[in-house]
Amino acid sequence: MFAAYAARIDPHEPLNGLELGERPEPDVPPGWTTVNVKAASLNHHDLWSLRGVGLGEESLPMILGCDAAGVDADGNEVVLHSVIGQTGHGVGPREPRSILTEKYQGTFAERVAVPQWNVLPKPKELSFAEAACLPTAWLTAYRMLFTNAGVRPGDSVLVQGAGGGVATAAIVLGAAAGLRVFATSRDKAKRARAEELGAEAAFESGARLPQRVDAVIETVGAATWSHSVKSLKPGGTLVISGATSGPNPPAAELNRVFFLELKIVGSTMGDKDELAGLLSFCAAKGVRPIIDSTLPLDRAPEGFAKMAAGDLFGKVVLTV
């Protein structure tokens with residue numbers, strides 16, 4: 001079957017390790033099923049894999065891709081939850097959880113095998129491309145907002161780095177849930193787009209906000225950390241799920257953290273129940289993922305290049 005896969009690890013030029021070509025059909029252990037992929041979306045996780053983060057040379061070649069929607073062996077339209085072994089389903093009870101492509105072959109292929117437990121019905125209201133955007137970036141944003149930030153309608157939220165997959169999702173989901181959403185970006189066009197998607201206002205990175213907020217959604221890391229901490233109300237919550245600009249901020253702002261009793265919460269992906277809730281929310285409220293571009297699988301390198309350059313707003317989707 002045709003696939004896009006990591007053939008080599010290159011920490012400095014990750015796209016050098018991406019190849020297209022034929023790969024073996026997936027193994028299907030007991031309790032697993034095969035899904036014919038219709039659409040799959042790119043995540044920064046795929047770039048990090050090509051750099052060797054979470055993926056070792058001993059696992060190569062590895063088909064990339066965490067997210068997908070498609071048709072299962074019984075003809076059902078489905079969405080995949082990409083965390084394998086979250087509760088032991090489909091793997092040994094002592095096996096630690098992993099995301100597709102860390103141990104098991106991914107979704108940038110004509111077919112992928114996953115535990116039956118990891119398959120959810122695709123709402124008829126969502127296209128395959130839309131559904132394929134949800135299981136990583138959008139699920140991460142959903143968990144950050146509604147599980148870990150604990151915000152309620154009317155609360156205020158700052159989303160750093162408008163334009164990234166998680167940040168875009170947080171803006172759309174937050175606005176749909178009745179939150180007051182502020183966003184930041186270095187790019188004027190991305191600030192305007194954030195406001196079109198429901199942000200009450202968008203500002204230059206680091207700019208003073210009109211008010212302090214109840215929660216901050218942080219995926220940028222070092223470049224925005226100080227601004228995130230300074231933007232919180234006393235008792236506010238900073239939820240972080242990534243650090244695309246680096247993990248070591250020049251100032252940790254510890255005095256402000258303890259004096260204002262701020263909460264800092266790490267957040268990674270989400271569970272199957274949260275994905276089911278996200279799918280239901282999108283179907284019921286008319287919320288749709290923002291798709292930057294759609295490319296056939298054989299043009300995957302173009303999508304990777306766009307993501308690596310930051311030249312996108314929303315998700316890149318590969319169709320099979």
Minimum heavy-atom distance [X]-[Y], with the two atoms named:
X    : Y    : value
V181 : G174 : CG2-C, 3.9 Å
R212 : P234 : NH1-CD, 4.4 Å
S82  : P135 : OG-O, 4.3 Å
A169 : A137 : CB-O, 4.3 Å
A222 : S245 : N-OG, 3.2 Å
V320 : V37  : CB-O, 3.2 Å

> If you count the non-hydrogen atoms of other residues, nucleotides and ligands that lie under 6.0 Å from CD in E22, is the total more than 12?
Replying inline: yes
> Does atom NZ of K190 have more than 12 heavy-atom neighbours, drawn from other residues, nucleotides or ligands, at distances under 6.0 Å?
Replying inline: yes
Taking atom types as modelled, is there a side-chain donor on [X] or [Y] under 3.5 Å from an acceptor on the other?
X    : Y    : value
T224 : E218 : yes
Q160 : T219 : no
T136 : D67  : yes

> Looking at Y5, is R23 sitting on its ring face, NZ or CZ under 6.0 Å from the six-membered ring centre and within 45 degrees of the normal?
Replying inline: yes
Under 3.5 Å, side-chain donor or acceptor atoms of residues 48-62 against the rest of the protein: list the pairs with distances, not counting sequence neighbours.
residue : atom : partner : partner atom : Å
S49     : OG   : H45     : O            : 2.9

Measuring only between side-chain heavy atoms, which start at C-beta, is [X] closer than 4.5 Å to [Y]?
X    : Y    : value
N16  : R8   : no
V216 : V239 : no
P115 : I84  : yes
T319 : L295 : no
I290 : L197 : yes
V229 : L262 : yes
V213 : V157 : no
L134 : V79  : no

> How would you list, by chain and number, every residue that makes a ring-ring contact (aromatic ring centres under 6.0 Å, His included) with W32, sequence neighbours excluded?
Replying inline: Y104
>> Please enumerate all residues that pass ring-ring contact (aromatic ring centres under 6.0 Å, His included) together with F182, with sequence neighbours excluded.
In response: none
Can [Y] be reached from [X] by stepping across I, L, V, M, F, W or Y side chains whose heavy atoms are under 4.5 Å apart?
X    : Y    : value
V257 : L260 : yes
L64  : L312 : yes
L279 : V78  : no
I99  : Y142 : no

Distance (rounded to the nearest 0.5 Å) between [X] [atom1] and [Y] [atom2]:
X    : Y    : atom1 : atom2 : value
H81  : L275 : NE2   : CG    : 6.5 Å
I291 : K315 : CD1   : NZ    : 10.0 Å
L145 : R152 : CG    : CZ    : 14.5 Å
D46  : F304 : CG    : CZ    : 4.5 Å
L232 : R256 : CG    : CZ    : 9.5 Å
I217 : I171 : CD1   : CD1   : 10.5 Å

Sidechain N-carboxylate O distance under 4.0 Å for [X], [Y]:
X    : Y    : answer
E125 : R288 : no
E204 : R186 : no
K124 : E77  : no

>> Which residue is it: N148, T140, T147? I am looking for the one with a side-chain hydrogen bond (donor to acceptor under 3.5 Å, both in side chains) to S267.
In response: N148
>> Does V317 form a side chain to side chain contact (heavy atoms under 4.5 Å, CB included) with C133? I'd like the steps, not just the answer.
In response: CA-CA 7 Å; V317 175; C133 295; 3.6 Å; yes
>> Using the rule given for side chain to side chain contact (heavy atoms under 4.5 Å, CB included), can you reason through S156 versus K233, listing the C-alpha separation, both sets of side-chain angles and the distance that settles it, and then say yes or no?
In response: CA-CA 10 Å; S156 54; K233 293 178 180 178; 4.2 Å; yes
> V287 and L173: side chain to side chain contact (heavy atoms under 4.5 Å, CB included), yes or no, with the steps?
Replying inline: CA-CA 7 Å; V287 173; L173 291 171; 4.2 Å; yes
